[in-house]
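Quick notes on the structure that follows.
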There are 2 protein chains.
Amino acid sequence: MTAREDWQELLREKGYRLTPQRELVLSAVDRLGHATPDEVLSAVREQSSAVNISTVYRTLDLLEELGLVRHTHLTDRAPTYHSTATPQHVHLVCRDCRAVIDADPAEFDTLVARLRKQHGFEPDIGHLTVFGRCADCRPES
Amino acid sequence: MTAREDWQELLREKGYRLTPQRELVLSAVDRLGHATPDEVLSAVREQSSAVNISTVYRTLDLLEELGLVRHTHLTDRAPTYHSTATPQHVHLVCRDCRAVIDADPAEFDTLVARLRKQHGFEPDIGHLTVFGRCADCRPES
DNA sequence: CTGCCTGCAAAATCTTTGCATAATT
DNA sequence: AATTATGCAAAGATTTTGCAGGCAG
């Protein structure tokens, strides 16, 4: 998917305009990896202090609609956004230490096939977050 | 786990008190299947109109701590609580029609084994929600 | 009785919206 | 010049907290 390269063109095709805010938000998400709207705002403000939080929200929505970013829920509160330029990955979140491990979607292939067959359900693995306990926090077995 | 049968005893063991509000909230969650705090409040109020929303929040937290209910995120906003008395199941949520399909955790055994081996991660399948597209909403294949 | 619980109201978060102004095309 | 996008402030929605009185144990 090359949407990333010509995203500016994609914007215009849909009748949207290219603004500094939109560039800043997208690059902040790229840079941060995983970030809440609030964290994106902070990052953006390091480069341009006058950007408003509501613009960040509106822009994240827009970028998501265009398929340039995605969001998942790594904590109970606050969605976290990440770029679709980085390879798709599943988030494994440790309930204790809050660590986030990125897993290869290929590890979920068997599951995907099964859910498809069993329920006719087409899972969106890119959006998936699995909660649990990481190696460090597991009760020593 | 028979925690469910003697949950009242469990409460006391931990030094908590048995109140009508707590009974009402627990039975509402049992009855509703999946419900947001707000929906739980409505259900509870059908039986006792004076219960307050903050009590519902506090009670759901407590019941979750005791392992009598659990919550997941079926939508972007609002957690939904469900009883642990019903058999564990994974939620498959359709992004289009919002339908919720309950899947058997056994379907995830292979995945669990793999995550354990690959990442030392112990997934909490009971908390899992998989987003995607249900049979009805999939582009006709 | 003692101290946990609850209801109430206010505060705290997080997100969305209306509107006038600024900026893109 | 025509419109979309932004900043600002206020409104919404959801959840949490402080407190005084009520109730379980």
Side-chain angles (χ1 to χ4, degrees), chain A residues 6-29 34-45 47-66 68-69 71-81, chain B residues 6-29 34-66 68-81:
Chain A
D6 34 32
W7 69 277
Q8 309 194 341
E9 195 173 315
L10 181 60
L11 257 191
R12 294 212 192 76
E13 269 171 28
K14 302 241 183 179
Y16 298 121
R17 292 176 179 178
L18 178 60
T19 66
Q21 287 87 342
R22 287 172 179 171
E23 289 199 70
L24 288 169
V25 168
L26 180 55
S27 91
V29 172
H34 302 123
T36 61
D38 204 60
E39 291 166 340
V40 170
L41 177 66
S42 298
V44 166
R45 281 193 166 157
Q47 301 179 35
S48 174
S49 58
V51 178
N52 192 274
I53 183 68
S54 44
T55 298
V56 171
Y57 276 105
R58 287 188 280 228
T59 302
L60 287 172
D61 278 353
L62 176 65
L63 296 178
E64 187 154 38
E65 180 197 325
L66 296 177
L68 300 170
V69 305
H71 81 274
T72 54
H73 296 269
L74 267 36
T75 66
D76 280 346
R77 272 176 160 273
T80 65
Y81 287 80
Chain B
D6 34 32
W7 69 276
Q8 309 192 343
E9 197 174 311
L10 181 60
L11 256 192
R12 294 212 193 76
E13 270 172 26
K14 302 243 182 176
Y16 296 121
R17 293 179 179 176
L18 178 60
T19 66
Q21 287 87 342
R22 287 172 181 173
E23 289 198 69
L24 287 169
V25 168
L26 181 54
S27 91
V29 172
H34 302 122
T36 62
D38 203 60
E39 291 165 341
V40 171
L41 178 65
S42 299
V44 166
R45 281 191 167 159
E46 285 172 17
Q47 302 178 36
S48 174
S49 58
V51 178
N52 193 274
I53 183 69
S54 45
T55 297
V56 171
Y57 277 105
R58 287 187 282 227
T59 302
L60 287 172
D61 279 354
L62 176 65
L63 296 178
E64 186 154 38
E65 180 196 325
L66 296 176
L68 299 170
V69 305
R70 306 207 58 182
H71 81 274
T72 54
H73 296 268
L74 266 35
T75 67
D76 279 347
R77 270 176 162 277
T80 65
Y81 287 81

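Only a predicted model underlies this, so the values are computations on that prediction, with no experimental measurement involved. Order of the sequence lines sets the chain letters (A, B, ...), proteins ahead of strands, with each chain counted from 1.
Counting only distance, with no hydrogens or angles, the side chain of Thr75(A) and the backbone of Arg77(A) share a donor-acceptor pair below 3.5 Å.
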Close N or O pairs between protein and nucleotides 21-25 of chain D (under 3.5 Å):
| residue | atom | partner | partner atom | Å |
| --- | --- | --- | --- | --- |
| dA24(D) | O3' | Leu18(B) | O | 3.4 |
| dA24(D) | N3 | Arg17(B) | NH1 | 3.2 |
| dG25(D) | OP1 | Arg12(B) | NE | 3.3 |
| dG25(D) | OP1 | Leu18(B) | N | 3.2 |

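Remark: P of dG3(C) and CG of Leu11(B) are 20 Å apart, rounded to the nearest angstrom. Summarising the geometry, the separation between CD on Gln21(B) and C1' on dC5(C) is reported as 8 Å, rounded to the nearest angstrom. For the pair Glu23(B) CD and dC5(C) P, the computed distance is 14 Å after rounding to whole Å.
Among Leu63(B), Thr59(B), Leu66(B), the one residue that satisfies the side-chain contact (heavy atoms from CB on, under 4.5 Å) test with Leu26(B) is Leu63(B). For the side-chain contact (heavy atoms from CB on, under 4.5 Å) criterion with Val69(A), the lone passing option out of Asp61(A), Val29(A), Leu62(A) is Val29(A).
For the atom pair CZ of Arg58(A) and CG of Asn52(A), the computed distance is 7.5 Å after rounding to the nearest 0.5 Å. Note: Glu9(B) CD to Lys14(B) NZ = 13.0 Å, rounded to the nearest 0.5 Å. To the nearest 0.5 Å, atoms OG1 (Thr55(A)) and CG (Leu60(A)) are separated by 10.5 Å.
Ring geometry for His73(B) against His73(A) counts as parallel: the plane angle stays under 30°, on a 0 to 90° scale with 60° as the upper cut.
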Taking distance alone, no hydrogens or angles, what donor-acceptor pairs closer than 3.5 Å link side-chain atoms of residues 15-22 of chain B to residues at least two apart or in another chain?
| residue | atom | partner | partner atom | Å |
| --- | --- | --- | --- | --- |
| Tyr16(B) | OH | Glu65(B) | OE1 | 3.4 |
| Tyr16(B) | OH | Glu65(B) | OE2 | 3.0 |
| Thr19(B) | OG1 | Arg22(B) | N | 3.2 |
| Arg22(B) | NH1 | Arg17(B) | O | 2.7 |

Only pairs under 3.5 Å count here: list side-chain donor-acceptor contacts from residues 37-45 of chain B, not counting sequence neighbours, and write none if there are none.
| residue | atom | partner | partner atom | Å |
| --- | --- | --- | --- | --- |
| Glu39(B) | OE1 | Thr36(B) | N | 2.8 |
| Glu39(B) | OE1 | Thr36(B) | OG1 | 3.4 |
| Ser42(B) | OG | Asp38(B) | O | 3.3 |
| Arg45(B) | NE | Val51(B) | O | 3.0 |
| Arg45(B) | NH2 | Val51(B) | O | 2.9 |

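Using a 4.0 Å cut-off on heavy atoms, the residues of residues 36-53 of chain B that approach DNA chain C are Ala50(B), Val51(B), Asn52(B), listed by number. In the region residues 54-65 of chain A, proximity to DNA chain C at under 4.0 angstrom, judged on heavy atoms, holds for Ser54(A), Tyr57(A), Arg58(A).
Take Arg70(B) and apply the salt bridge (charged side-chain N to carboxylate O under 4.0 Å, His left out) test, not counting sequence neighbours, and it matches Asp124(B).
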